[in-house]
Number of protein chains: 2
Amino acid sequence: MPSSPGSPAQGDLSDLFHRAFRALRHSWVQQLAPFELTPHQFRAMQALAKSSLEAPGTDGLRLKDVAERLHIAPRSATEVIDQLEVKELVMRTADPIDRRATLVKLTPAGQGLADRVRAARRGHTDQYFGRLNASDRAELARILAQLGPL
Amino acid sequence: MPSSPGSPAQGDLSDLFHRAFRALRHSWVQQLAPFELTPHQFRAMQALAKSSLEAPGTDGLRLKDVAERLHIAPRSATEVIDQLEVKELVMRTADPIDRRATLVKLTPAGQGLADRVRAARRGHTDQYFGRLNASDRAELARILAQLGPL
DNA sequence: CCACATAGTGAGGTAGCCTCACTAATGACT
DNA sequence: AGTCATTAGTGAGGCTACCTCACTATGTGG
């Protein structure tokens with residue numbers, strides 16, 4: 001990620017961003033390693049877990065919806081769901097109302113694992129963002145929200 | 001990049017971060033495409049250009065120094081320098097004071113290209129961070145600096 | 001019925017990193 | 001001077017997280 005030239009206040013924003021992001025990733029890789037999950041896999045699991053909270057009783061998310069929630073190409077969503085399916089953490093079922101579509105949801109094992117990861121994180125203060133005080137965290141969230149995709 | 005649970009202010013920080021970073025990368029990919037450079041390549045060029053500004057007249061940076069400046073493994077630095085060497089944007093020379101070491105510097109063509117990229121960016125307001133006002137940019141830099149590697 | 005859009009995935013690919021092992025060179029210590 | 005540990009760079013091989021394109025099957029609207 002190149003440096004972003006401009007005013008001194010802006011001079012190294014891209015660089016700072018790149019470095020901070022890599023540190024964040026590294027933090028996640030470390031925390032998820034004991035559970036044999038990659039960050040991307042866990043992120044997909046979170047999306048599925050969240051959807052089952054939002055809409056209890058439904059039979060899961062369509063692949064295309066997983067892709068949308070993760071802001072990735074459908075083909076990429078297929079990939080990460082494949083990985084999780086092999087681990088028996090998610091299951092695919094046919095969508096009863098559209099034969100082109102597939103529904104994906106966490107298995108009980110997947111749900112359990114997601115819970116255990118979250119509990120492990122809860123037991124330790126957030127390792128990465130814990131470096132910031134609450135005010136800075138809120139400020140960061142506010143600013144980052146402006147920088148995401150349109 | 002998974003969501004980071006915790007307080008609502010913190011709830012989706014990892015997710016926001018991931019999305020913002022991907023948008024930043026996308027922005028760089030677009031801007032560098034006309035110059036046939038990848039973000040990583042341009043970042044390495046910037047590191048070399050910067051070192052020649054800081055220490056004019058020296059014969060370049062050691063590979064290990066490039067790696068340090070980019071915060072990547074030496075092996076990875078070798079890779080990106082290889083790419084730039086193929087494009088004749090950098091040149092390697094033997095270090096006169098240590099026969100194990102290699103010095104790397106931008107070629108005149110590399111220097112010219114780096115200048116042209118920067119001029120192109122200058123002609124257009126920074127596409128990505130331009131969404132933020134100056135105060136937010138300074139705030140972001142301050143916070144990100146706390147989140148980088150130790 | 002037909003044209004077009006949608007859903008998912010096979011095939012193939014890239015970028016940006018990494019670890020390990022190896023050879024050659026250097027520096028420190030005895 | 002000799003020995004050993006460290007350093008520098010890179011070959012070999014690998015992983016993760018994405019991507020585009022093309023294809024088949026299905027659904028929708030005129």
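Residue numbers start from 1 in every chain, and the chains themselves are labelled A, B, ... in the order their sequence lines are given, proteins ahead of strands.
As rounded to whole Å, 13 Å separates atom C1' of C:dA7 from atom CD1 of A:Ile97. Rounded to an integer number of Å, the gap from CG of A:Leu32 to P of D:dA17 is 10 Å. Following rounding to the nearest Å, B:Gln41 (CD) and C:dA15 (C1') show an atom-to-atom distance of 9 Å. C:dG16 atom P lies 10 Å from atom CZ of B:Arg43, rounded to whole Å. Summarising the geometry, the separation between CG on B:Leu70 and P on C:dC18 is reported as 10 Å, rounded to the nearest angstrom. The separation between A:Trp28 atom CH2 and C:dC18 atom C1' is 21 Å, rounded to whole Å. To the nearest angstrom, C1' of C:dT19 lies 15 Å from CD1 of B:Ile72. Between the CZ atom of A:Arg99 and the C1' atom of D:dA25 there is a distance of 9 Å, rounded to whole Å.
Here the side chains of B:Pro39 and A:His18 are not in contact, with every heavy-atom distance at 4.5 Å or above.
A search for side chain to side chain contact (heavy atoms under 4.5 Å, CB included) contacts involving B:Thr78 returns B:Leu63, B:Arg75, B:Asp82, B:Arg92, not counting sequence neighbours. Take A:Leu53 and apply the side chain to side chain contact (heavy atoms under 4.5 Å, CB included) test, not counting sequence neighbours, and it matches no residue. For A:Ile143, the side chain to side chain contact (heavy atoms under 4.5 Å, CB included) criterion is met by A:Glu139, A:Leu147, B:Leu132, B:Asp136, B:Glu139, B:Leu140, not counting sequence neighbours. With sequence neighbours excluded, the residues that form a side chain to side chain contact (heavy atoms under 4.5 Å, CB included) with B:Gln31 are B:Ser27, B:Arg121, B:Gln127.
Close to D:dC19, at under 4.0 Å from its OP1 or OP2, lies a side-chain N or O of B:Arg22. OP1 or OP2 of D:dC18 has at least one side-chain nitrogen or oxygen of B:His18 nearer than 4.0 Å.
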Which atom pairs, donor and acceptor, lie under 3.5 Å between side-chain atoms of residues 100-113 of chain B and protein residues at least two apart or in another chain?
residue, atom, partner, partner atom, Å
B:Arg100, NE, B:Asp98, OD1, 3.2
B:Arg100, NH2, B:Asp98, OD2, 3.0
B:Thr107, OG1, B:Glu88, O, 2.8
B:Thr107, OG1, B:Leu89, O, 3.2
B:Thr107, OG1, B:Ala109, N, 3.4
B:Thr107, OG1, B:Gly110, N, 2.9

What string of B, S and - do you get for nucleotides 4-16 of chain D, 5' to 3', if B is base contact, S is sugar-phosphate-only contact and - is no contact with any protein heavy atom under 4.0 Å?
-> ---BSSBBB---S
